[in-house]
Amino acid sequence: MKIGELSLKTGVSIRSIRYYEEKKLIYPKRLENGYRVYSEEDVERVKAVQLFLEYFYKKLIFS
DNA sequence: TTTCTTACA
DNA sequence: TGTAAGCA
């Protein structure tokens, strides 16, 4: 799937998805035209990042 | 239309 | 993180 789909599927902004790649949290493949292609594994990893952030911010606020 | 990269009040 | 610009 392309970035637009992943964004809708996870609720994470396109901007953030690209940032996660920069941080090496996901490794999407590239099409001939340069478009990023995400696998189900990438979907799970993006979701995992959300879970971590939720935990991180809550801990930050209530500790 | 959608995505890509780069840059910025 | 969002948005704008100029391409493909």
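Hydrogens, waters and symmetry mates are skipped; everything else that's a heavy atom, side chains included, is used. Each chain gets a letter, A, B and so on, in the order the sequences are listed, and its residues count up from 1.
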Exercise for review: Indicate, with yes or no, if A:Y57 and A:L25 share a hydrophobic cluster defined by side-chain heavy-atom contacts under 4.5 Å among Ile, Leu, Val, Met, Phe, Trp and Tyr.
Suggested key: yes
Review point. Given atom CG of A:L31 and atom C1' of B:dC4, what is their separation to the nearest angstrom?
Key: 12 Å
Study note, to complete from the structure: Closest heavy-atom pair, A:G4 versus A:I14, reported as atoms and distance to 0.1 Å, is CA-CD1, 4.5 Å
Revision key, fill the gap. Between CZ of A:R36 and P of C:dA8 the distance, given in whole Å, is 17 Å
Review point. Atom CD of A:E21 and atom P of B:dT3: how far apart are they, to the nearest Å?
Key: 14 Å
Check your understanding: How long is the line joining CE of A:M1 and C1' of B:dT2, in whole Å?
Key -> 16 Å
Practice item. Starting at atom NZ of A:K29, determine the distance to atom C1' of B:dT3, rounded to an integer number of angstrom. Key: 19 Å
Point to revise | Joint cluster assignment, A:L51 & A:V12, ILVMFWY side-chain distance < 4.5 Å | key: no
Review point. Can a side chain N or O of A:R18 be found less than 4.0 Å away from OP1 or OP2 on B:dC4?
Key: yes
Exercise for review: Could you check if a side-chain atom of A:V43 sits within less than 4.5 angstrom of a side-chain atom of A:K47, using non-hydrogen atoms only?
Suggested key: yes
Exercise for review: Measure the distance from OH on A:Y35 to P on C:dA8 and round it to the nearest whole Å.
Suggested key: 12 Å
Practice item. For DNA chain C, find the residues of residues 56-63 of chain A with a heavy-atom distance under 4.0 Å and give them by number; none if there aren't any. Key: none
Review point. Pairs in or reaching into residues 13-28 of chain A: which pass side chain to side chain donor-acceptor pair (under 3.5 Å), with residues at least two apart or in two chains?
Key: A:S13-A:S16, A:Y20-A:Q50, A:E21-A:R36
Exercise for review: Report the residues that fulfil side-chain hydrogen bond (donor to acceptor under 3.5 Å, both in side chains) with A:E41, sequence neighbours left out, ordered by chain and then residue number.
Suggested key: none
**Study point:** Contact list for DNA chain C against residues 38-54 of chain A - heavy-atom distance below 4.0 Å
**Key:** none
Point to revise | Pairing string, 5' to 3', for DNA chain C - Watson-Crick or wobble contacts under 3.5 Å, brackets [ ] where pairs cross, | to another strand | key: .|||||.|
**Study point:** A:L60 side, atom CG; A:L53 side, atom CG - distance, nearest 0.5 Å
**Key:** 11.5 Å
**Study point:** Same apolar cluster: A:V46 and A:Y35, side chain cutoff 4.5 Å
**Key:** no
**Study point:** Length of the line joining A:I3:CD1 and B:dT5:C1', which is rounded to integer Å
**Key:** 12 Å
Point to revise | Side-chain heavy atoms of A:I17 within contact of A:I26, under 4.5 Å | key: yes
**Study point:** Taking every non-hydrogen atom, the tightest pair across A:V37 and A:D42
**Key:** O-OD2, 4.3 Å
Point to revise | Protein-nucleotide distance (A:Y20, atom OH; C:dT1, atom C1'), rounded to Å | key: 10 Å
Tabulate protein N/O versus nucleotide N/O from nucleotides 2-6 of chain C, keeping only pairs under 3.5 Å, one per line.
| unit_1 | atom_1 | unit_2 | atom_2 | d |
| --- | --- | --- | --- | --- |
| C:dG2 | OP2 | A:S13 | OG | 2.7 |
| C:dG2 | N7 | A:R15 | NE | 2.8 |
| C:dG2 | O6 | A:R15 | NE | 3.4 |
| C:dG2 | O6 | A:R15 | NH2 | 2.7 |

